[in-house]
Protein chains: 2
Amino acid sequence: MELSDRKMKILSEVVNNYIQYAEPISSKMLCSLLNFSVSSATIRNELAELTDLGLLEQPHTSAGRIPSHLGYRLYINKLMGKYYLTKKNKEHINSILNLDEIDPEILLKNATSLLADMTKFAVISTGVCTQEDYVKNIKLVQVGKCTAMIILTTSSGLVKNKLFRCEFLLTDNILDRFNNILVEKFVGLSLKEITQAYIQSTAASLEELAFFMTDVLDALLEISELASRTDLHFDGQINLLSLPEYDQQSAIKLMNLFNYSDDIVDLFLMNDDNKTHVFIGEEMHHEELDQSSIIITRYVVDKANYGIIGVVGPTRMNYTKLIAKLEYIAYLVGNKLNNILEG
Amino acid sequence: MELSDRKMKILSEVVNNYIQYAEPISSKMLCSLLNFSVSSATIRNELAELTDLGLLEQPHTSAGRIPSHLGYRLYINKLMGKYYLTKKNKEHINSILNLDEIDPEILLKNATSLLADMTKFAVISTGVCTQEDYVKNIKLVQVGKCTAMIILTTSSGLVKNKLFRCEFLLTDNILDRFNNILVEKFVGLSLKEITQAYIQSTAASLEELAFFMTDVLDALLEISELASRTDLHFDGQINLLSLPEYDQQSAIKLMNLFNYSDDIVDLFLMNDDNKTHVFIGEEMHHEELDQSSIIITRYVVDKANYGIIGVVGPTRMNYTKLIAKLEYIAYLVGNKLNNILEG
DNA sequence: ATTAGCACTCATGCTTATCGAGTGCTAATG
DNA sequence: CATTAGCACTCGATAAGCATGAGTGCTAAT
């Protein structure tokens with residue numbers, strides 16, 4: 001079913017207006033905004049039809065119209081234009097992200113917080129996801145009499161570290177020996193392969209050394225689990241509190257959704273290509289998100305490595321602007337991470 | 001001025017009741033709760049006098065009484081009993097904090113989040129504060145072709161690390177040389193001494209090597225600044241949202257106070273001995289905190305090292321219970337950190 | 001297809017009335 | 001003199017009534 005050009009323009013205006021003012025719009029108002037040479041009664045007829053089609057809604061009989069989620073969907077798929085960031089905007093983003101930070105985790109944290117600041121909404125991002133991350137290197141460094149740090153680097157550029165303690169005095173010599181063993185036994189393995197069971201069988205093969213290496217091996221297990229769990233970054237949740245669409249109740253529900261984050265991760269994984277996706281309220285089938293939309297996109301590091309970054313806000317959000325900002329930041333992050341990985 | 005025993009008991013009951021139910025209490029109700037053999041009219045007379053003394057307040061003429069901040073103050077200083085944690089409570093805390101985590105930062109994060117979970121309020125803690133933290137050791141570890149990690153350990157047990165990148169290919173040899181220089185020039189210095197200027201003058205003394213070491217030195221500067229800045233841990237802010245005393249407005253204000261945290265830090269430093277302190281609403285002279293109280297205590301690592309941990313909640317909080325929980329956790333954290341530092 | 005005109009709806013804001021919990025005060029009591 | 005019964009009074013909370021006006025839907029005319 002095709003809508004007339006005029007209906008399109010009306011729908012578009014309703015959405016734009018609602019995004020800007022958060023109030024239902026009347027036929028009269030639309031009439032003066034649209035400059036068609038028709039009267040408000042004609043607009044009213046059009047509005048009635050758009051409402052019948054399920055694209056618009058009325059909060060109550062004598063109120064103006066607001067977009068339904070179907071209305072938003074049509075708007076997003078067909079009607080909205082593309083927004084181009086101003087030079088100033090881009091420079092602002094560049095100036096904050098182009099620091100020579102080379103830790104992927106910190107870079108992502110920065111990007112997430114920057115986007116939250118810019119959008120005044122909540123932002124979520126994942127660390128780099130990779131099909132098959134494997135151990136690139138392991139280093140042990142002594143930091144105290146009985147304590148040392150284990151540093152794990154992976155093929156996706158991740159560098160994770162963790163402190164651990166042994167029951168005996170450490171020396172460079174001992175640590176070197178341990179380190180060599182770890183390198184020999186674990187470098188090249190996929191992170192997934194490093195399980196409790198695998199560690200145990202490795203320990204067994206070490207014979208009398210196994211006893212001394214339990215702490216190191218435990219630490220390795222923990223850190224590789226840490227490395228294979230994609231980490232999540234949240235920011236700007238508090239921004240949502242000041243928005244008219246969230247009362248205390250729903251804000252709390254939303255926060256909890258973020259905190260017990262499995263559900264959110266699932267939502268995020270709905271993004272399965274390199275395009276930007278918009279999910280609107282009820283489409284997500286999560287009561288807590290009925291009033292909200294999520295825009296997600298991927299930052300692409302290289303063929304095998306990407307991550308996801310997205311904005312969560314009220315359905316009434318400025319999609320064009322947000323998409324532009326999100327995509328630009330995702331683009332920069334992807335580039336930056338690619339540099340880090342290559343370098 | 002001394003209050004009669006009966007007045008004390010009445011005040012105490014008003015506070016207890018308000019803490020539990022968040023509602024003004026009437027003379028009649030008090031009468032039945034207290035089991036004095038007097039009538040509600042007598043209680044009313046007592047209440048009137050307590051109100052005249054500024055210890056109680058009436059939300060409006062025909063309402064019951066609630067404690068004023070002076071009332072709370074008296075209650076806290078003189079009236080409230082001591083609460084002893086149940087075995088179950090203690091075991092729960094132990095089981096979460098007695099993991100063999102040896103990174104002070106992570107330990108503190110865990111403690112903060114545990115306390116937030118237990119109290120359902122917001123919790124803030126500082127890292128270890130120390131009069132004069134000095135550099136105990138520096139290590140450089142290669143993690144990529146041109147990237148390395150610098151690890152700084154300090155006298156207070158802090159272990160901080162940071163990735164940095166050089167403009168040239170790294171080798172074990174080069175890093176060893178760099179490392180030796182760093183150790184020679186910086187180990188034993190107070191963190192405060194490592195300033196931009198100091199780094200520059202050190203670089204100057206290195207002559208032709210200086211050029212190659214700029215990146216390392218920059219990283220060192222950054223990381224030592226990071227280490228000397230006491231870090232702050234927040235948790236449970238969202239808990240405050242569900243409390244009746246905070247509407248959206250005041251919750252946001254409170255969150256912002258936490259986020260731009262200088263003010264909060266000042267408040268925290270009001271704690272200048274090893275006792276537990278309670279600050280009540282208006283006493284803090286921060287509009288945002290008028291409805292809130294803060295309980296702070298120190299965790300003591302050893303003579304020179306301590307940190308602060310505190311709970312922020314509505315003035316109407318269960319002080320005895322909270323103090324018990326807070327102090328127990330602070331005690332464990334202090335102990336644990338002491339072990340880590342010694343070991 | 002468009003439109004003027006008009007009856008109809010409903011959220012909003014204001015005023016008024018009622019209710020009842022809880023107080024403060026007075027006068028009586030042991 | 002502390003205590004108390006009794007009672008008038010206050011004031012928030014809740015509901016009900018009413019006017020207002022923005023905005024619609026429908027009809028009949030163009």
- Query: Should the pair A:Lys82 and A:Tyr84 be classed as cation-pi, given the thresholds of under 6.0 Å to the six-membered ring centre and 45° from the axis?
  - Reply: yes
- Task: Mark yes or no: B:Lys9 above the aromatic ring of B:Phe36, with NZ or CZ under 6.0 Å from the six-membered ring centre and no more than 45 degrees from the axis.
- Result: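 So B:Lys9 doesn't make the cation-pi contact.
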Rounding to an integer number of Å, can you tell me how far [X] [atom1] sits from [N] [atom2]?
X: A:Glu23; N: C:dA11; atom1: CD; atom2: C1'; result: 12 Å
X: B:Arg6; N: D:dC1; atom1: CZ; atom2: C1'; result: 12 Å
X: A:Ile66; N: D:dA22; atom1: CD1; atom2: C1'; result: 16 Å
X: A:Ile10; N: C:dT2; atom1: CD1; atom2: P; result: 10 Å
X: A:Asn17; N: D:dG23; atom1: CG; atom2: P; result: 11 Å

- Query: Would A:Arg65 and A:Glu57 pass as an ion pair if we require N to O under 4.0 Å?
  - Reply: no
- Query: Hey, what do you get for CZ (A:Arg6) to CG (A:Leu11), rounding to the nearest 0.5 Å?
  - Reply: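 Here the interatomic distance stands at 14.0 Å.
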- Task: Please step through side-chain contact (heavy atoms from CB on, under 4.5 Å) for the pair A:Gln58 and A:Ile66, ending with a clear verdict.
- Result: CA-CA 6 Å; A:Gln58 270 180 300; A:Ile66 60 174; over 6 Å; no
- Give a yes or no on whether A:Gln291 atom CD has more than 12 heavy-atom contacts from other residues, nucleotides or ligands under 6.0 Å away. no
- Item | Nearest to side-chain heavy atoms of A:His60, which nucleotide of C:dA4, C:dC10, D:dT4 |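 Side chain of A:His60 sits closest to C:dC10.
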- Query: How would nucleotides 24-30 of chain D be written as a contact map, 5' to 3', with B for base contact, S for sugar-phosphate-only contact and - for no contact, using protein heavy atoms under 4.0 Å?
  - Reply: BB-----
